[in-house]
> 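First, the structure itself, so that you have it in front of you.
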Amino acid sequence: MENMDRRRQPQNPQMRAPVYEALEKLKKRRVVPFDVPGHKRGRGNPELVELLGEKCVSLDVNSMKPLDNLCHPVSVIREAEELAAEAFRAEHAFFMVGGTTSSVQSMVLSVCRAGDRIILPRNVHKSVINALVLCGAVPVYVNPEVDKKLGISLGMKVSEVERAILDNPGAVAVLVNNPTYYGICSDLRSIVKLAHEHNMLVLVDEAHGTHLYFGENLPVCAMDAGADMASVSMHKSGGSLTQSSLLLTGKRVNWEYVSQIINLTQTTSASYLLISSLDISRRNLALRGKESFAKVGRMAEYAREEINQIGGYYAYGKDLINGGSIYDFDVTKLSVYTRDIGLAGIEVYDLLRDEYDIQIELGDIANILAYISIGDRIQDIERLVGALADIKRLYSQDPTQMLNTEYINPTVLVSPQAAFYAEKKCVPIRESAGKICSEFVMCYPPGIPILAPGEMITEQIIEYIIYAKEKGCSMQGTEDPEVEYLNVLSDERQVWK
């Protein structure tokens, strides 16, 4: 009788993975493919099968009725998106296969039209400013405070957001990073409340915040804070395949219109490897995320303590919280300041990879970031800590000769779209001071532009770019791959009055 009662109990819907289940059914039917992709389940490309495996290649299939279609889901993909919305406490969830870049751009394009103003911090990912180039919206930057020692920008103070809202009553939205690449969070609940009081939507870039929906004692996630849209990078801390992401919407957003915006740019040949990885990873997080991220948090805190005991390094965490520009901190982010041992973060990054076979997420001029998530092990943490101790012993230098690392808040003189499409000329970078940039300059990662189209080039910024290059940062965004030249506006009469 007890077994009968157990069978009658409804199954937790989060145990399902509709897309994955549909792919398994298709594989069992042994369907003869006269459609794309042309490798025909791998038979036409044996080297690809050898690299990826027969099962993986056999599931690289085209949209068909039993598998639904990402551009207009009506069956298994729709079911999977509904389960994702439930797991992430959103009104609707979209599976995105163009990375969180595509998700962020769809989010911005859904609410901004040409000439609209959007309030945002300047330390946004390049995808946000790219979206402004595409739609013609005008940024209103809330320049965040800067930690002068760490050389990183912090969160947005609520008072500064309020000032921007009052100064720009016609702005359509506020965009917030939650968290930043380095783990810093703004007071998201208060920003949402403030923006909604002024009839503005709140968009949240949660590229580094998937775990916030499942872990305990972590900063608030966008949907719980009442935000209207959020871009969630499932492939980062969520465990899905690289390039897969989610776009979440709340009650104030017309998700059908958002779907139309997504289909302006998203592929019509979506990869079922990416789609199914989102489906399976959502199930994994819904069933085991709380336990998994508790373990991640413990590993990161342990690593933080061990690294700080080495001396010379500063692995920062909740000790930074000040209630304003650092309202909260994501303890899963292992961000480490390296300048006190006389090495730039990018130099430590290179040493870890080249000498110790340890690949971390990023190194900038002053910091490194080791990304810890559900696939990490304590023995890997021990190896990282040991390598950092070794690097300090063998490679440390005099830190007094290093450039000031402070993040530079640029001056915006022309809208990103106008500057990007304007007539331009190419000048040597050392002769570009005082001119208006018409392209992007950034270190990647993290992909936060040092310069964006429409911003004034200064001697300080030039010095920063050259120093970052010399230290080994990977520079992107410029037409000149060597970043010896910059494109600038040839006619500066377009400057805003």
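What you are looking at is a predicted structure, and each value in this text was computed from that prediction instead of being measured.
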> Could you check whether the rings of His211 and Phe293 sit parallel, tilted or perpendicular, using 30° and 60° as the cut-offs?
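If you compare the ring of His211 with that of Phe293, the planes turn out tilted.
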> Are any side-chain N or O atoms of Ser186 and backbone N or O atoms of Leu188, one a donor and one an acceptor, separated by less than 3.5 Å?
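Judged by distance alone, no pair lies under 3.5 Å.
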> Taking ring-ring contact (aromatic ring centres under 6.0 Å, His included) as the definition, give me every residue that meets it alongside Tyr314, ordered by chain and number, with sequence neighbours left out.
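For Tyr314 the ring-ring contact (aromatic ring centres under 6.0 Å, His included) partners, ignoring immediate neighbours, are Tyr316.
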> Would one find more than 12 heavy atoms of other residues, nucleotides or ligands at under 6.0 Å from atom NZ of Lys157?
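Counting other residues, nucleotides and ligands, NZ of Lys157 stays at 12 neighbours or fewer.
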> Taking the six-membered ring for Trp and the single ring otherwise, decide whether the centroids of Phe88 and Phe214 are under 6.0 Å apart.
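Yes, the ring centres sit under 6.0 Å apart.
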> Give a yes or no on whether the ring-centroid distance for Phe94 and His92 is below 6.0 angstrom.
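Centroid distance Phe94-His92: below 6.0 Å, so yes.
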> Sort out for me which residue in Asp364, Asn367, Asn123 forms a side-chain hydrogen bond (donor to acceptor under 3.5 Å, both in side chains) with Tyr182.
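Of the listed residues Asp364, Asn367, Asn123, the side-chain hydrogen bond (donor to acceptor under 3.5 Å, both in side chains) partner of Tyr182 is Asp364.
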> For Tyr213 and Glu206, does a side-chain donor sit closer than 3.5 Å to a side-chain acceptor?
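Glu206 and Tyr213 do have a side-chain donor-acceptor pair below 3.5 Å.
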> List the steps, then state whether side-chain contact (heavy atoms from CB on, under 4.5 Å) holds for Tyr181 with Leu369.
CA-CA 8 Å; Tyr181 222 137; Leu369 171 64; 3.3 Å; yes
> Between Arg298 and Glu301 (salt bridge meaning N to carboxylate O under 4.0 Å), is one present in this structure?
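No, Arg298 and Glu301 are not salt-bridged.
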> Between Leu247 and Ile262, does the side-chain contact (heavy atoms from CB on, under 4.5 Å) criterion hold? Intermediate values first, please.
CA-CA 10 Å; Leu247 176 55; Ile262 290 170; 3.9 Å; yes
> Please give me the minimum heavy-atom distance between Tyr272 and Asp68, naming the atom from each residue.
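For Tyr272 versus Asp68, the nearest heavy atoms are OH-O, 2.6 Å.
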> Can you confirm if the NZ or CZ of Lys25 lies within 45° of the ring axis of Tyr20 and under 6.0 Å from the centre of its six-membered ring?
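The answer is no; the distance or angle limit is not met.
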